[in-house]
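Just below is one structure, and these are the notes that go with it.
On a predicted model such as this, the values are computed, not experimentally measured, just so you know.
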Amino acid sequence: MPLAMSGGVRAADVNVTANVGTGINLDTQTGSTAEVEPGVTVTNISGSSSIYATTSAWGLTNNGSISSSLANTVSLSVNGSSVTNFGTITSDANGNSIWMTGGGSVDNKAGATISSGHSGIRIGTAAAGPGTVTNAGTITQTGTSGDLVTLLFGGTVTNLAGGTISANNGSNAVSVGQGTSRTVINSGTITNTGSGFATGVLVQGGASTVTNNATGHISGTFNGVYASASAPLTLTNDGIIESTGSSTSARAVEATGGGTFINTGTIRSASSDGLYLGRAGTVTNSGTISGAVRAINFSGNYARTLNLDTGSVLNGVVQGGTGVDSLVLLGTGTESAARFLAFETLSMQGTAWTLNDAGTFSTSSEVQSGTLTVAGTLTSPTITVRSAGTLTGSGTLVGAFTNSGTVRVSSGALTISGSFTSQAGSTLAMGVTPSTGAVLDVTGTATLNGGTVAVLAGSGTYAPSMTYTILTASGGRTGAFAGTTSNFAFLDPTLTYDGNNVYLTLVRNSIDFGAIGGTPNQRSAGGGVESLGFNTPIYEAVALLDINGARSAFDQLSGEIHASIKGGLLDDSRFVRDAIVNRLDAAFGGISSPPIPLMAYGEGGPQMVAADTDRFAVWSQGFGSWGSHDSDGNAATLERSTTGLLVGADGMAGAWRLGMIGGYSRSSFDVDDRRSSGDSDNYHLGLYGGTNWGAIAFRAGAAYAWNRISTSRSVSFGGFADQLSTDYDAGTAQAYGELAYKGDAGAFGFEPFVNLAYVNLHTDGFTEKGGSAALTSESSSTDTTFTTLGVRISSGFTVGGVEATARGMLGWRHAFGDVAPLSTFAFAGGDTFTIAGAPIARDAALVELGVDVQLASNATIGLSYAGQFGADVHDNGFKAKLGLSF
């Protein structure tokens, strides 16, 4: 016989290295492990197994092909035996492919096949231990009789993703029974396409667990999964379980012993019930359960609970039994109340559910938490809303209704065919519009033991006083509500009663609009709106708002951007004086930058020369900057950007250098939180002069800018909307001076300095165009003074023969005066009110870094970065300069 005992390189005790046609009796071999080598075929003598052992446990590994005729292919009788299959194991209709009477385990690997005309794997007897089957390959049935995979005395069948167990019999593809435990875990395919009672998975003999994972598919012509009355089933399904046959008894899941069922996948029957419970149990569904007869069938006199969670879909009715059947709503969803037959209780415990159509719960219904919307008819002897629950809708409630939580009727009518009781601490929330109000229509008696009426007001223009009937009780009303609330800030609801009705009246209260504001600007704008009075669009629109809505409206109405633009223009005044100071520093051979070739006029006519102290020169500078003035909790953040070009000319007059500057810049402003924007075209003109007294430098000047401002803003709240714009002029005047001390420290030059600047901004009056939210403002002036302390540093260097200068500046700027710019406005027909804009930073750090490169004797290029940073402001800018000679 071609067997080899294990040597140094053999893993098994017995290795089958050549074909065998007479079977292998492992009882005659020494050891406990055997292996069939790849390419080797083992067959039997008719009537005996191809490989068998009866006296001790063996571990068999098959890499080849094992088959039999008229007998079991592999027969291992002692508990603890195992089969690991990498090849093929087959039998005809007269035997089992693997028969392990004493218990044991089978591991069918990916790509391996176990095929049988009868049973593929049969493990255990009543006296043996449990079995274990793990499959990643194929286990298939070529005949039509016998369970394909059978664990007679319990154990675990695990069908991995990609694994297939395919039967064609009138019994089961997988059967696990008796023993101490029964478990089936499927991530592949388990199917039975036979006739009769062909079932995918059967469990019996005690509490059992079936888990069908997301990639799992279990199907049978009769049952997908069957659990006997002796096997309470724990079923978890994330995949598909189905019955494909035509019998009206062919259920996808038939659990005659009841149990616990969690479905997030699909359970479906082509001809009968999707899920059948014969005894007590709980079903939690967030997947799909479908049945041609019933989606779910609860049979018998037992207690069952159906939990519907988010994602639940039921295709078919749910039939209750003769015991207590309870419906619990979890999460969110929509369902037909008519779907639940012979149910006793309904409990809403989720977030939001809607019940359509007509349904009856014979004992009680309650809303414990979340919101239940009744769009059809809900019938129950008692209907209760607990303290954490809300019931809403425009349907009909038949029964004795008690509200300890919230009942909300947004529009139309909610009908109670029975009695209504309002308990202390409850809320009745009723929707109203300018013309109609919601109604709670009670056909019986209404007993009011307290509670609050909350008014939910819709948009529109309300009269100063409007009365609605919010509750009517045909059987009479007793008691009263404890009070009212409203989402109006300025209309107070009051309640009145008669024998059958409760009336709601809305009346303008005594709260001033300005008192609602949470910021100074909101209070000021609110006062401006208050001064308009009733019968004006803005006033009437604001009167309908809640507190937060009113505050938002005041922010939009305030015209805040006009004040914030003032601060932006005052801040931008620095570009002119910074350019002049840097020019004078360079003209006197300072450290800010090296002399730039300029067009000068000397003896012999115009010529390009380096700037010095005894010639007339022309210079220019371009700049760009962007930044923001952050919100101070009152005004919103102002985003701004500026670009411009300045041109100057200067010459010597004795010891002084005197000059003139002109230029143009454009500034853009955005206040996104106020839906406002604007821009300003700025035309600059100025005079300057400077001189040196030894190491001390003095620079001074005055400048004026003509500002042409355009703004646009949107106002939208409640039922009010307006689009506003305007154009107006302003002028920015400034005077400034600086003292500096020049010094050297090795290769570095430094210049400590102090700078003082006074800036005045005068804005002309204007009236916005648009609608009733248009503002009018008279002319005004804003004054701010800036002081700056800092030091300039520079150092020259050469790169590849090219001369360059690196330079920088560090400074601290302090602002005082009108740091928070103000604007005073009025609506047409109203009083004036004052609004503050985004403030200028009182203290800011200044940083400048740059480099100038002498490209040739007649060309110099310079680039620098300048930034300012404060607690509520940041600004970044760049300057570029180029000098050319001709």
Is the count of non-hydrogen atoms from other residues, nucleotides or ligands lying under 6.0 Å from Ile547 atom CD1 greater than 12?
-> no
Side chains of Thr776 and Phe825: closer than 4.5 Å at any heavy-atom pair?
-> no
For Tyr664, does the OH atom have more than 12 heavy-atom neighbours from other residues, nucleotides or ligands under 6.0 Å away?
-> yes
Parallel, tilted or perpendicular, as decided by the 30° and 60° cut-offs, for the rings of Trp693 and Trp656 | perpendicular
Using a strict cut-off of less than 4.0 Å between a Lys/Arg side-chain nitrogen and an Asp/Glu carboxylate oxygen, indicate whether Arg713 and Asp722 qualify as a salt bridge.
-> no
Please examine the side chains of Thr351 and Thr371, heavy atoms only from C-beta on, and report whether any two atoms are closer than 4.5 Å.
-> no
side-chain contact (heavy atoms from CB on, under 4.5 Å) partners of Asp818, counting only residues at least two apart | Thr782, Asp783, Thr784
Result for salt bridge (charged side-chain N to carboxylate O under 4.0 Å, His left out) between Arg640 and one of Asp572, Asp670, Asp630, Asp571 points to Asp572
Go through the steps for Gln723 and Ser714 under the test side chain to side chain donor-acceptor pair (under 3.5 Å), then give the verdict.
-> CA-CA 5 Å; Gln723 188 70 36; Ser714 297; 2.7 Å; yes
Tabulate below the donor-acceptor pairs under 3.5 Å that side-chain atoms of residues 835-846 make, not counting sequence neighbours, or state none.
from	atom 1	to	atom 2	distance (Å)
Asp843	OD1	Trp812	NE1	3.1
Asp843	OD1	His814	ND1	3.0

Mind jotting down which residue pairs meet the ring-ring contact (aromatic ring centres under 6.0 Å, His included) criterion with at least one end in residues 774-802? Sequence neighbours excluded, please.
-> none
Check: Thr637/Ser628 side-chain N/O donor and acceptor closer than 3.5 Å = no
N-O pairing of Glu560 and Arg675 below 4.0 Å = no
